[in-house]
> 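One structure coming up, written as structure tokens, with questions to follow.
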2 protein chains.
Amino acid sequence: MAEREREYEMGDAELEVLRALWELRSATVRQVLDYLRSHGRHVAYTTVQTFLTRLEQKGVAKSDRRDLAYVYRATVSRERVSRSRLRSLLTQLYDGAAGPLVLQLVRSETLTPDELGELQKLIDRLDSRTKRTNP
Amino acid sequence: MAEREREYEMGDAELEVLRALWELRSATVRQVLDYLRSHGRHVAYTTVQTFLTRLEQKGVAKSDRRDLAYVYRATVSRERVSRSRLRSLLTQLYDGAAGPLVLQLVRSETLTPDELGELQKLIDRLDSRTKRTNP
DNA sequence: CCCGACCTACTACTTATGTCGGAGGAATCC
DNA sequence: GGATTCCTCCGACATAAGTAGTAGGTCGGG
């Protein structure tokens, strides 16, 4: 296998199911199915079941028998998965340098004023830290 | 297939080969192989050949017979692929909102002072534009 | 007590990806 | 001029991922 041991390895469709779990907090196969349907994604009941099983095998979800159906919930946060994927993208396309990516994002995507404010604060904090270490 | 028509669809190993093409500008199978080897990636000659062929089929590289060996070069830029992948990540994990991603990146990755400066300039520009539109 | 609605457990099939090996041709080296 | 070295062409095989059908249990109503 390509030496890469990317932490949360999963396909796009699997990720969609995981997202459903993040949204719903906890859900049965049917609930996930309904969620996906209501978001325009049409797959069979058993397909969702397969995904949930696979997600559990991969350790990113766990199930728990409730009444007659299993209830699933994610065991990893969206942030964790996101960080992992982002890091992978960074490594694969920018040799790990975040700078170019951030600039590209801010340039080509639209940030809300609030987000811009947040970002500004963050930068100020980093700036002052730099100055202090490097007067 | 999962309805998604992601522009530059390719596996990690294929991407590594494409990266080699970006670095080398143009290269034969062997040159790519050597490049990969020198970067700690060990695969068979024919494996690289397969990847190059597939990349060509996908339209992201083209070949051209030179002497006895084919010479390959990428037909898409790193930026294009990067943008596409990034957009996909954004959609998959943040419903397309760039803000959270940017904040996460700036928070968890290290930017150089130069990059921070760039970023600051960018924000200032965006800020003034916002103020002008929204006094 | 049988029906329909659900649920789980399997099995299965397809395409994409990662990885090669072997066949057969051309240039190269004593 | 036969062995060596490269190259290309093709076929192959394993695993992952996307998608789903079938078999067989359970439960609530008529």
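Naming convention: chains lettered A, B, ... in sequence-line order (proteins, then strands); numbering from 1 in each chain. Given the structure is predicted, the values throughout are model-derived calculations rather than measurements. FYI, side chains are in, hydrogens and waters are out, and symmetry mates aren't considered; it's all heavy atoms of this structure.
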> May I ask you to decide whether A:Arg78 forms a salt bridge with A:Glu23, counting only side-chain N to carboxylate O separations under 4.0 Å?
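A salt bridge links A:Arg78 with A:Glu23.
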
> Determine, for B:Glu7 against B:Arg83, whether the closest basic-nitrogen to carboxylate-oxygen distance falls under 4.0 angstrom.
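Salt bridge: no.
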
> It should be established whether A:Arg41 places a side-chain nitrogen or oxygen under 4.0 Å from OP1 or OP2 of nucleotide D:dG18.
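No.
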
> Is any NZ, NE, NH1 or NH2 atom of the basic residue among A:Asp95 and B:Arg19 found under 4.0 Å from an Asp or Glu carboxylate oxygen of the other?
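Judged by the 4.0 Å cut-off on N to carboxylate O distance, A:Asp95 and B:Arg19 do form a salt bridge.
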
> Between D:dC6 atom P and B:Leu52 atom CG, what is the distance in whole Å?
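It works out to 18 Å between those atoms.
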
> Categorize B:Thr50 for me: base, sugar-phosphate, or nothing, with a 4.0 angstrom heavy-atom threshold over every strand shown.
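Answer is base: heavy atoms of B:Thr50 come under 4.0 Å of a base.
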
> Between residues 59-75 of chain A and DNA chain C, which residues have a heavy-atom gap below 4.0 Å?
A:Arg65, A:Leu68, A:Ala69, A:Tyr70

> Without swapping roles, check the side chain of A:Thr53 against the backbone of A:Gln49 for a donor-acceptor pair under 3.5 Å.
yes

> Check whether the side chain of B:Gln49 and the base of D:dC9 form a donor-acceptor pair under 3.5 Å.
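Checked by distance alone, the answer is yes.
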
> CG of A:Leu55 versus P of D:dA16: gap in Å, rounded?
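Between P of D:dA16 and CG of A:Leu55: 15 Å.
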
> Is any side-chain N or O of A:Arg30 closer than 4.0 Å to OP1 or OP2 of C:dC7?
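For C:dC7, OP1 or OP2 has a side-chain N or O of A:Arg30 closer than 4.0 Å.
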
> What is the separation between atom CD on B:Gln31 and atom P on D:dT8, rounded to the nearest whole Å?
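From B:Gln31 CD to D:dT8 P: 11 Å.
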
> Rounded to whole Å, please give me the gap between CZ in A:Phe51 and P in D:dA17.
10 Å

> How many whole angstroms separate atom CD of A:Gln57 from atom P of C:dC10?
11 Å

> Are A:Glu16 and A:Arg41 ion-paired here, with the side-chain N under 4.0 Å from a carboxylate O?
yes

> Tell me: CG of A:Leu33 to C1' of D:dG18, nearest whole Å?
15 Å

> Measuring to OP1 and OP2 of C:dG18, would you say a side-chain N or O of B:Thr47 lies under 4.0 angstrom away?
no

> Rounding to a whole Å, what distance do you find between A:Leu36:CG and D:dG18:C1'?
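In whole Å, D:dG18 C1' and A:Leu36 CG are 13 Å from each other.
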
> Looking only at side-chain N and O atoms, does A:Tyr45 come under 4.0 Å of OP1 or OP2 in C:dC7?
yes

> Whole-Å distance between C:dG18 P and B:Arg54 CZ?
8 Å

> Please determine which of B:Leu33, B:Leu21, B:Thr47 meets the side chain to side chain contact (heavy atoms under 4.5 Å, CB included) test together with B:Leu52.
B:Leu21

> Touch check for A:Glu14, heavy atoms < 4.0 angstrom, all strands: base, sugar-phosphate only, or nothing?
sugar-phosphate

> Go through the N and O atoms of the side chain of B:Thr46 and the base of C:dG21, and report whether any donor-acceptor pair is under 3.5 Å.
yes

> Is it true that B:Asp64 and B:Lys62 have a side-chain N and a carboxylate O under 4.0 angstrom from each other?
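Looking at B:Lys62 together with B:Asp64, the answer is no, because their closest N to O distance does not fall below 4.0 Å.
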
